[in-house]
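We use all heavy atoms of the structure for the numbers below, so side chains are in, but hydrogens, waters and symmetry mates are not. Convention: sequence-line order gives letters A, B, ...; per-chain numbering from 1.
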Amino acid sequence: MSSLTALTLAEARAGLERKEFSARELTEAFLAAMAKARPLNLFITETPERALQMAQACDERRRRGAPLPLDGIPIAVKDLFCTKGILTTAASRILEGFTPSYESTVTEKLWQSGAVLLGKTNCDEFAMGSSTTTSHFGPTLSAWRRAGDNRPLVAGGSSGGSAAAIAAHAALGAIGTDTGGSIRQPASFCGVVGIKPSYGRCSRWGVVAFASSLDHPGPLAKTVRDAAILLSAMAGHDPKDSTSAPLPVADFEAALTGEIKGLKIGIPAEYRVPDMPAEIDALWQSGIAWLSEAGAEAVEISLPMTRYALPAYYIIAPAEASSNLARYDGVRFGLRVEGGSVDEMYELTRAAGFGAEVRRRVLIGTYVLSAGYYEAYYLKAQRVRALVARDFAKAFEKVDLILTPTAPSPAFAVGEKSDDPIAMYLNDVFTVTADLAGLPAISVPAGLSAEGLPLGLQLIGRAFAEETVFRAAEVLEAAAGFHHAPAFLASGEP
Amino acid sequence: MALDKTALRRVALLARIRVEEGELEALAGELSQILAWVEELNEVETEGVAPMASPAVSRLPLREDKVTDGDCREAMLLNAPKTTRGFFVVPKVVE
């Protein structure tokens, strides 16, 4: 059965269609892999009974000759998506015990397409982090290890459980959210594919809010094709999210023609940051060569506001978070710590319920929105955001896509960088720009570091040009030929 | 701009997060470091640039003003830590 978990989503779909195995058999194989991967702490909640029920319904539909597009495909869902009747925590103590009475639009669309829920994956608390170490439920460990070094590594974050689950073959596909890089950076760290679509492509309804103008749901998968299949099922206009784009959704898989002749690929000089490791620069150069050999044309471009994107983000995201997280007050849901007055109850509940990083961001956000500082910090950051978006708009007059590294380093050890918030924030230096501008961006595993860890390359496209992003990403993926397996799969030990 | 203990007490009160007296100094230091880092933005000339609040493509859509939801008190109260007779319960706010 273990070979079933090694299949790609597209291969599994073909196997189900040819009746080589049933949805139940496929789901059982993944449930066994999840049990074996428990030492990696991938899931906050496993849902085996739900998974088997859903798989059985898939098999019945197939027997009736009326299968759905994703019928029988077992996926993992970041614990930021509300799932009706299933614990949803955002990896925070303040949501301990929260069982939504409604289903997020994105997950509802996946179930309507026949996907099977394996469980809810671990992440940074309220998606605030780049390592899945700020979770109230403990860190997720990567399936990867450095060569000759047995120290556990982070999976990246915040969608670390989702990315690591795919790398450990404990899910066929997964969904996550990306606010500053939270799909693409863990995808890069774990050697999997992750795409953050355009802002408004996937509904945010029913997703626990972190920073509403920056939160992007999206898929993670083993291959570019798998990610395209998942995004087609997740995307689409939703009247329940006022920022959802009223635009038609293409069949993204059909965009994978392998043909990129004549595409212009922008190479932004400003992404060559001073202390970037030589191996990441070298991989970037390989990426340029691969796309050029396939007929694309590399064009030097300038995105001058790049270095200001991250500080702007660290004003805007905490400001929006401080507002969104005001709802956790001990009255309507989640944790409550009793106090003598209503204010004391709020203060004690929030002090006990929020972890250190969430507290830090809520306080920064409250400060930059407070009277006297709003103009100097918040509006200033929003003006810089407009300039970041303007940089991209100018670049996309000349080029079709932009190629960059996904992250400035491979995965680091659990505990590294945890005592310096700014060092942790710098993980998102290459990814945060596309969040601020709302552009589609994908990370594709492209090579290994000297220590034997995955490194990703990122392609950024014009707003709502996901088809072009997928098309070039598949060419990049084929040229890179990344077929390395993590230590966990070789040894079976975390 | 450095955030001192007095300013942090005020921010913590606004955010309704209790910060113990012993934690104030270290936390004020951490937050000041972050605020010093974001000061880099002052290097950017933004005169005449309109603030960007969102990348959303459509303007806020309007719909007909009619009730589309409701009558779901049980679902609303389902996760409340404390309820009585169909209401949320909070500590006494009036004497």
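Residue B/Ala50 touches chain A through its backbone alone, counting heavy-atom pairs closer than 4.5 Å. When heavy atoms are compared at a cutoff of 4.5 Å, A/Ala352 does not approach chain B at all. Using a 4.5 Å cut-off between heavy atoms, A/Arg307 touches chain B through backbone and side chain atoms alike. There is no contact between A/Thr349 and chain B, counting heavy-atom distances below 4.5 Å. When heavy atoms are compared at a cutoff of 4.5 Å, A/Ala389 approaches chain B solely by way of its side chain, counted from C-beta outward. Looking at A/Ile422, the atoms closer than 4.5 Å to chain B (heavy atoms on both sides) all sit in the side chain, from C-beta outward. Contacts between A/Leu436 and chain B at a heavy-atom distance below 4.5 Å involve the backbone alone (N, CA, C, O). In this structure, the portion of A/Ser341 lying under 4.5 Å from any heavy atom of chain B is its backbone and not its side chain. Neither the backbone nor the side chain of A/Tyr313 comes within less than 4.5 Å of any heavy atom in chain B. Only the side chain of A/Asp420 has a heavy atom closer than 4.5 Å to any heavy atom of chain B. Contacts between B/Val93 and chain A at a heavy-atom distance below 4.5 Å involve the side chain alone, from C-beta outward. The parts of A/Tyr308 that come within reach of chain B are both its backbone and its side chain, each placing non-hydrogen atoms under 4.5 angstrom from that chain. Neither the backbone nor the side chain of A/Tyr378 comes within less than 4.5 Å of any heavy atom of chain B. Within the 4.5 angstrom heavy-atom criterion, only side-chain atoms of B/Glu23, from C-beta onward, approach chain A. The contact between A/Phe354 and chain B is made entirely by side chain atoms (from C-beta outward), counting heavy-atom distances below 4.5 Å.
Residue with the most contacts toward chain B among A/Val368, A/Asp435, A/Ile364: A/Ile364 (heavy-atom pairs, distance under 4.5 Å). Of the listed residues (B/Leu13, B/Leu27, B/Leu14, B/Leu77), the one with the most heavy-atom contacts under 4.5 Å to chain A is B/Leu27. The residue among B/Glu45, B/Lys92, B/Glu30 with the most heavy atom pairs within less than 4.5 Å of chain A is B/Glu30. The residue among A/Gly200, A/Gly438, A/Ser242 with the most heavy atom pairs within less than 4.5 Å of chain B is A/Ser242. Chosen from B/Pro61, B/Ala7, B/Cys72, the residue pairing most often with chain A at heavy-atom distances under 4.5 Å is B/Pro61. Residue with the most contacts toward chain A among B/Leu41, B/Asn42, B/Val90, B/Thr46: B/Leu41 (heavy-atom pairs, distance under 4.5 Å).
Side-chain N or O atoms of A/Thr99 include none that pairs as donor or acceptor with a backbone N or O of A/Gly85 at under 3.5 Å. With hydrogens and angles disregarded, no donor-acceptor distance shorter than 3.5 Å links the side chain of A/Arg93 to the backbone of A/Gly353.
Between A/Glu103 and A/Lys84, none of the side-chain N atoms (NZ, or NE/NH1/NH2) sits under 4.0 Å from a carboxylate O, so this pair counts as no salt bridge. A salt bridge between B/Glu39 and A/Lys380 is absent, with no side-chain N of the basic residue lying under 4.0 Å from a carboxylate O of the acidic one.
The aromatic rings of A/Tyr328 and A/Phe126 lie tilted to each other, with the angle between the two planes from 30° to 60°.
A heavy-atom distance below 4.5 Å is found between the side chains of A/Tyr314 and A/Arg361.
Residue pairs that meet the ring pair (Phe, Tyr, Trp, His ring centres under 6.0 Å) test with at least one member in residues 51-88 of chain B, sequence neighbours left out, do not exist here.
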